[in-house]
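Since the structure comes first, as structure tokens, the remarks are kept for the end.
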Amino acid sequence: MDWQDHKNYITVKARQPFQFSSCLNWLKKRDKEIIYELVNEHVLILIPTNEGAVLGRIEEGSEGVKVSFPESIPSLRGKNQAAQFVNDWFDMDTDILPFYQLAEKDPLLRPLVHKHYGMRIVGIPDLFEALSWAVIGQQINLTFAYKVKRRFIDTYGAHITYKGTKYWLFPRAEKIADLDPEALRELQFSIRKAEYIIDMAKMIRDGALSKEKLQHLDPLSLKKELMAIRGIGHWSAEYVRMKCFRHPDAFPVADVGLHNALKSQLGWDRKPEIEEIEEMAAHLSGWEAYAVFYLWMSNG
DNA sequence: GGCCAGGCTAGCA
DNA sequence: TGCTAGCATGGC
């Protein structure tokens, strides 16, 4: 990570090619999201640090992004954590040139990487949030999923108010661990999903599960560990590998959004089969996550 | 009203 | 290992 302090703001440099505006276009599509707020060409988000949450305002910067702190300026240590958060959120360290070289030879991806040049996989740095969001999103439409997520955050997340707008942190595992599943049912979680999420919260609170512990595992071991968690199947494990652990080879091949994107991009009147998708992706080995992300971006 | 939604578990062969 | 019924809860 490459960042610099400028007193009341910091800059974080990305490995090129990187285009903040392309990442912003991704965020703009998630208009039901409540973790961040988009204003013109910048994004406001509450960033967790060891010294408490700090409001960050992220915008285009030279070879990366500029992060300012409208509400209160953190210490140097806090700034470092904010820089890390942003660096992680936009996957700024990854060298995506190899992916672009492969995509150039792919008739489906070529126009997408040109149109969204410099876009990175916008991630979910927090493990509990990534796991919870995967579970919430399982087998329900995204509109409803965002509704449930909003209720969850409204009810159990912390927030600050700045200029009349509330900025939220995703609920902490410690706060969810002791809940009764019925409490989440009231927010329209299914009873099963409520159990899964509370169980995961318990594992995290008790230290049995943490990002730090899993971070150094190879892809296969990581997937195995994730799938050992009740409620996490193939799709969720790959999703979390992609959005939280930043493995570029993560491949949620069963994803409905991917199927819809392929159907539309191929001009087919049916969705592709899993085997067909795997064949199509064979030449993208190692970069499946980026291919999926750019295809998601093509969904209206 | 019926099909679909960014699937998973448990049970069975 | 591989298949599938049953689940759970709205959106459109």
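Just so we're on the same page: letters track the sequence lines, and every chain starts at 1.
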Short side-chain donor-acceptor distance under 3.5 Å, [Y] and [X]:
| X | Y | answer |
| --- | --- | --- |
| A:H283 | A:D106 | yes |
| A:S236 | A:Q138 | yes |
| A:E104 | A:H114 | yes |
| A:D255 | A:W235 | yes |
| A:D91 | A:Y290 | yes |

Ignoring backbone atoms, establish whether [X] has a side-chain N or O less than 4.0 Å from OP1 or OP2 of [N].
| X | N | value |
| --- | --- | --- |
| A:R185 | C:dT9 | yes |
| A:R192 | C:dG6 | no |
| A:K193 | B:dG7 | no |

Taking only the side-chain heavy atoms of [X] (C-beta and beyond), determine which of [options] contains the nearest atom.
| X | options | value |
| --- | --- | --- |
| A:V256 | B:dA10, C:dT9, B:dA5 | B:dA5 |
| A:S236 | B:dA10, C:dG10, B:dC8 | B:dC8 |
| A:W235 | B:dG7, B:dT9, C:dA8 | B:dG7 |

Considering only NZ, NE, NH1 and NH2 on the basic side and carboxylate oxygens on the acidic side, decide whether A:R57 and A:E59 come within less than 4.0 Å.
yes

Which residue, A:T143 or A:Q138, contacts DNA chain C at a nucleotide closer to its 5' end, judged by nearest heavy atom?
A:Q138

If I take atom [atom1] in residue [X] and atom [atom2] in nucleotide [N], what distance separates them, rounded to the nearest angstrom?
| X | N | atom1 | atom2 | answer |
| --- | --- | --- | --- | --- |
| A:L142 | C:dC12 | CG | P | 11 Å |
| A:K32 | C:dG11 | NZ | P | 11 Å |
| A:E186 | C:dG10 | CD | P | 13 Å |
| A:E195 | B:dC8 | CD | C1' | 13 Å |
| A:I140 | C:dC12 | CD1 | P | 12 Å |
| A:K147 | C:dC12 | NZ | C1' | 11 Å |
| A:I197 | C:dA8 | CD1 | P | 16 Å |
| A:R151 | C:dT9 | CZ | P | 12 Å |

Taking ILVMFWY side chains as joined if any heavy atoms are under 4.5 angstrom apart, and letting links pass through other members, which residues group with A:I191?
none

A:K115 side chain reached by A:M297 side chain, heavy atoms, under 4.5 Å
no

Determine the contact category for [X]: base if any of its heavy atoms lies under 4.0 Å from a base atom, sugar-phosphate if only primed atoms, P, OP1 or OP2 are that close, otherwise nothing.
| X | answer |
| --- | --- |
| A:L258 | nothing |
| A:Q139 | base |
| A:I229 | sugar-phosphate |

For A:L295 and A:A261, work out which heavy atoms get closest and say how close.
O-CB, 3.3 Å

Tell me which residues in residues 259-287 of chain A lie within less than 4.0 Å of DNA chain C, going by non-hydrogen atoms.
none

If you write DNA chain C from 5' to 3' in dot-bracket form, with Watson-Crick or G-U pairs under 3.5 Å, [ ] for crossing pairs and | for pairs with another strand, what do you get?
|||||||.||||

Given DNA chain B, 5'-ward residue of the pair A:Y196 and A:N141, judged by closest heavy atom:
A:N141

Using the P atom on both, measure C:dA5 against B:dC3 and round to a whole Å.
16 Å

Pair A:K243, A:E238 - check salt bridge (charged side-chain N to carboxylate O under 4.0 Å, His left out), show working.
CA-CA 9 Å; A:K243 299 275 279 187; A:E238 291 301 281; over 6 Å; no

